[in-house]
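Read through the structure below, which is laid out as structure tokens, and then see the notes.
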Amino acid sequence: MSTEETAPVAHSNFIHEIIDSDNVSGKFGGRVHTRFPPEPNGYLHIGHAKSICLNFGTARKYGGKCNLRFDDTNPTKEDVEYVDSIQEDVRWLGFNWDGLYYASDYFEQIYQFAEQLIQKGLAYVDSSTLEEIRSQRGTLTEPGQNSRFRDRPVAESLDLFRRMRAGEFQDGAHVLRAKIDMAHPNMNMRDPLLYRIRHAEHHRTGNTWCIYPLYDFTHGYSDSIEGITHSICTLEFENHRPLYDWLIDVLDLYHPQQIEFARLNLTHTMMSKRKLLELVETGTVSGWDDPRMPTIAGIRRRGYTPSAMRAFCDEIGVTKFNSLNDVVVLENAVRSDLNKTAPRAMAVLKPLKIVLTNYPEGQVEDLEAINNPEDPAAGTRQVPFSKVLYIEQDDFMENPPKQFFRLAPGREVRLRWGYLITCQEAVKDPATGEVIELRCTYDPETRGGNAPDGRKVKSTIHWVSAEHAITAEVRLYDHLFEIANVADIPDGDDWKSHLNPKSLVVVPKAKLERSLATAVPGYKCQFERLGYFCVDKDSQPQAIVFNRTVTLKDEWAKIQKKGG
RNA sequence: UGCCCGAUAGUGUAACGGUAGCACAACAGAUUUUGGUUCUGUUUGUCCAGGUUCGAAUCCUGGUCGGGCAACCA
């Protein structure tokens with residue numbers, strides 16, 4: 001277990017306190033061995049990232065081990081495709097597992113445990129129908145009733161169970177159940193089902209089995225077999241812990257400790273695998289790795305870094321409180337990471353042409369630009385400057401309010417790494433009245449951006465040379481949902497009506513500085529004053545595509561919002 | 001109507017019987033060739049009611065509110 005790079009020691013949490021006290025008492029002989037146990041039935045999302053960081057991070061903190069174990073007990077839902085994507089995602093997050101296991105590795109052992117339970121009179125084959133079992137389970141407030149097969153002789157159960165394995169019965173004909181207490185206040189203890197018949201091909205065991213153990217019967221035994229010390233899972237399994245403990249104790253096996261924590265919830269998105277699948281299947285998003293998706297694949301394609309993800313998971317903490325984390329914390333994590341590492345470049349999303357009337361026709365200058373003010377080692381580059389440039393439409397206002405510092409008629413601003421320019425005239429489309437071009441003058445004495453007379457300008461804006469710019473597609477992403485808390489959507493409401501219609505805005509013809517022409521998929525940089533962007537996998541050498549990972553903080557946008 | 005779990009600034013999270021702190025957000029200022037970054041400061045909090053104690057966010061009791069549980073899913 002290791003990470004690709006050294007990271008600051010993670011914050012402590014209640015689980016680490018439990019481990020500390022176990023290490024003091026010697027409960028596990030000072031060992032720490034965790035596991036991340038996904039079911040290979042879908043793509044991992046950022047909620048899984050929290051669990052991955054917790055499990056692998058805990059092992060790292062204590063010098064212990066962490067296994068990756070696929071919980072593959074339901075052949076009808078699982079697929080090897082997901083096994084591969086899960087491994088890729090875990091590695092991308094920067095973790096390497098100590099053991100790679102599958103619950104299906106233990107099918108024979110678990111089967112033997114089942115026989116032992118039957119022989120001890122602690123499990124029986126129930127030949128009731130699904131409906132009977134359901135109706136006899138009772139309710140939250142009423143006890144259930146014993147199955148008429150509950151007191152079937154041990155020999156008979158054993159015989160039936162072996163014949164279940166041998167494939168003599170159809171799906172649903174029998175199940176194996178634990179014999180605990182049908183009146184138990186915890187529903188999970190009311191003779192829980194242990195095995196069901198499924199004549200289905202398993203992605204690993206093929207047709208070897210036609211009976212498959214259920215989660216509760218599999219998970220604790222898998223933990224026990226692997227010598228897991230702390231079996232960390234989410235809160236909804238809290239009610240399963242008595243069963244977890246019971247199953248291990250009645251067979252007198254090595255007993256890991258299950259500990260539950262609250263799963264991640266994030267504003268403006270959701271973690272429901274079923275609903276995410278619906279977005280994929282209806283074409284609402286382009287796929288599981290659509291950059292708007294909260295999947296690890298989507299977040300990766302969006303341009304997030306593994307270290308930002310780890311920092312986020314550390315920042316939000318681990319508790320048993322069912323919380324809703326603000327997505328701005330995630331955004332802040334990637335900003336602070338990329339701020340230190342991402343080279344800067346200039347790109348204009350909504351071009352406004354400006355002509356420098358006093359700049360020599362045909363002249364081109366290479367100006368030196370600093371690649372990353374946060375990282376001197378990133379060096380400098382040359383950017384071409386000429387008579388006709390593009391600036392951002394948002395950086396000009398004909399009648400600016402008091403707080404607007406940028407370009408306006410008669411006003412001087414600095415072109416980043418370029419010259420000080422003054423706007424002399426705004427040329428309008430006579431038909432629409434829209435400003436389509438600016439006539440400006442430049443001060444030849446201000447090359448690089450400083451005036452010899454020491455005069456100051458209030459604003460520095462970005463630009464590209466029209467002649468030298470490359471044209472590229474830029475995809476601007478925003479929150480998937482307009483509503484902050486998807487849990488607030490009332491039952492019966494069409495949840496899709498709360499999707500953000502502007503979650504993707506495509507800019508087909510953005511103007512990028514020349515140096516970006518060779519950027520390859522995965523390349524991350526900051527477009528100065530706009531945000532962090534990365535080259536999408538759809539990108540082609542002559543048709544570059546950038547994704548916006550996250551905007552920069554924007555004081556002016558905030559002022560506008562208040563004023564508006 | 002049963003059982004289990006939880007509750008600390010706007011959000012998230014520390015404090016483990018002894019000064020309620022941190023991050024993000026918000027607000028104000030400084031710096032700045034990105035209205036970015038960085039730095040400084042400010043505002044805002046222990047769900048309620050009792051009890052134990054010299055002293056309670058912390059321990060106890062009772063409430064309130066929130067979450068989970070009745071798949072041959074995990």
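We name chains A, B, ... by the order of the sequence lines, and we start the count at 1 in each one.
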Using whole Å, report how far CZ of A:Arg134 lies from P of B:rA70. 11 Å
A:Asp191 and A:Arg150 ion-paired at < 4.0 Å: yes
P atom, B:rU8 versus B:rG67: distance in rounded Å? 15 Å
Exercise: identify the closest heavy-atom pair between A:Arg196 and A:Thr73: NH1-O, 3.2 Å
Could you give the CZ-to-P distance, from A:Phe533 to B:rG36, as a whole number of Å? 17 Å
Distance between the C1' atoms of B:rU43 and B:rU31, in whole angstroms? 24 Å
Salt bridge or not for A:Arg381 and A:Glu513, using N-O below 4.0 Å? yes
Taking syn as a glycosidic torsion within 90° of 0 and anything else as anti, which one is B:rA71? syn
Round to the nearest Å and state the distance from A:Leu194 atom CG to B:rC73 atom P. 13 Å
Could you check how far NE2 of A:His11 sits from P of B:rU13, rounded to whole Å? 13 Å
Under 4.0 Å between any heavy atoms, over every strand shown, what does A:Thr319 touch: base, sugar-phosphate, or nothing? Just pick one. sugar-phosphate
Tell me if the aromatic rings of A:Phe385 and A:Trp463 count as close, with their centers under 6.0 Å from one another. yes
Which part of the nucleic acid, if any, lies within contact of A:Val318, taking any heavy atom under 4.0 Å across all strands shown: a base, the sugar-phosphate backbone alone, or nothing? sugar-phosphate
Apply the test salt bridge (Lys or Arg N to Asp or Glu O under 4.0 Å) to residues A:Lys77 and A:Glu39: give CA-CA distance (whole Å), side-chain angles for both, the deciding distance (0.1 Å), then the verdict. CA-CA 9 Å; A:Lys77 284 189 173 180; A:Glu39 183 188 14; 5.6 Å; no
What contact category does A:Pro37 fall into here, base, sugar-phosphate, or nothing, at under 4.0 angstrom with non-hydrogen atoms? nothing
Encode nucleotides 23-29 of chain B as B, S and - characters from 5' to 3', where the letter depends on protein heavy atoms closer than 4.0 Å: B to the base, S only to sugar-phosphate, - to neither. SSSSS--
Need the pair for B:rA49. Rule: Watson-Crick or G-U wobble, both distances under 3.5 Å, any strand; none if unpaired. B:rU61
Euclidean distance for P, B:rU64 against B:rA26 (whole angstrom): 38 Å
Integer-rounded Å distance: B:rC72 C1' and A:Asp191 CG: 15 Å
Pairing partner of B:rU44, by Watson-Crick or G-U wobble and under 3.5 Å for both distances, is none
In whole angstrom, what separates A:Glu238's CD from B:rC4's P? 11 Å
Looking at A:Glu142 and B:rU1, is any side-chain donor or acceptor paired with a base atom of the opposite kind under 3.5 Å? no
The side chain of A:Asn13 lies closest to which of these nucleotides: B:rA74, B:rU34, B:rA14? B:rA14
Atom CD1 of A:Ile133 and atom P of B:rA71 are separated, to the nearest Å, by 11 Å
Of the listed nucleotides (B:rG6, B:rU11, B:rU1), which one gets closest to any side-chain atom of A:Thr141? B:rU1
Opposite nucleotide pairing with B:rG2, Watson-Crick or G-U, both atom distances under 3.5 Å: B:rC69
Of all the choices, B:rG35, B:rA74, B:rG68, which nucleotide is nearest to the side chain of A:Leu214 once you look at every atom? B:rA74
Rounding to the closest angstrom, what is the interatomic distance between B:rU1 and B:rC65 at atom P? 12 Å
With C1' as the reference atom in both, quote the distance from B:rA20 to B:rU58 in angstrom, rounded to an integer. 11 Å
Of the candidates B:rG67, B:rC4, B:rU34, the side chain of A:Asn239 sits closest to B:rC4
Looking at A:Arg529 and A:Asp395, does any basic side-chain N land under 4.0 Å from a carboxylate oxygen? yes
Would you please test A:Glu132 and A:Arg148 for salt bridge (Lys or Arg N to Asp or Glu O under 4.0 Å) and show each step? CA-CA 10 Å; A:Glu132 284 174 312; A:Arg148 64 184 194 277; 2.8 Å; yes
Take atom C1' in B:rG21 and the same atom in B:rG29, then report the distance between them in whole Å. 24 Å
Provide the distance between the two P atoms, one in B:rG55 and one in B:rA15, to the nearest whole Å. 24 Å
Residue whose closest nucleotide on RNA chain B lies nearer the 5' end, A:Trp417 versus A:Ile316: A:Ile316
Does the structure show a Watson-Crick or G-U wobble partner for B:rC22, both distances under 3.5 Å? Name it, or say none. B:rG12
For A:Gly317 and for A:Phe404, find the nucleotide of RNA chain B with the closest heavy atom, then tell me which residue's nucleotide is more 5'. A:Gly317
Please test A:Arg406 against A:Glu392 for salt bridge (Lys or Arg N to Asp or Glu O under 4.0 Å), starting from the C-alpha separation and ending with a verdict. CA-CA 11 Å; A:Arg406 284 110 92 146; A:Glu392 208 70 63; over 6 Å; no
Does a salt bridge link A:Arg455 with A:Asp443, judged by any charged N lying under 4.0 Å from a carboxylate O? yes
Shortest side-chain distance from A:His240, nucleotide among B:rA74, B:rG67, B:rU13: B:rA74
Pick base, sugar-phosphate or nothing for A:Ser336, based on heavy-atom distances below 4.0 Å to the nucleic acid. nothing
In this structure, is the centre-to-centre distance between the rings of A:Tyr221 and A:Phe217 below 6.0 Å? yes
If the C1' atom of B:rA7 is compared with that of B:rU19, how far apart are they to the nearest Å? 24 Å
B:rG35 base / A:Gln560 side chain donor-acceptor hit below 3.5 Å: no
For A:Phe405 and B:rG35, do the ring centres fall under 5.5 Å apart while the planes stay under 30° apart? yes
Applying the Watson-Crick and G-U wobble criteria at under 3.5 Å, what pairs with B:rC39? Answer none if nothing qualifies. B:rG29
Atom CH2 of A:Trp463 to atom P of B:rU34: distance rounded to whole Å? 15 Å
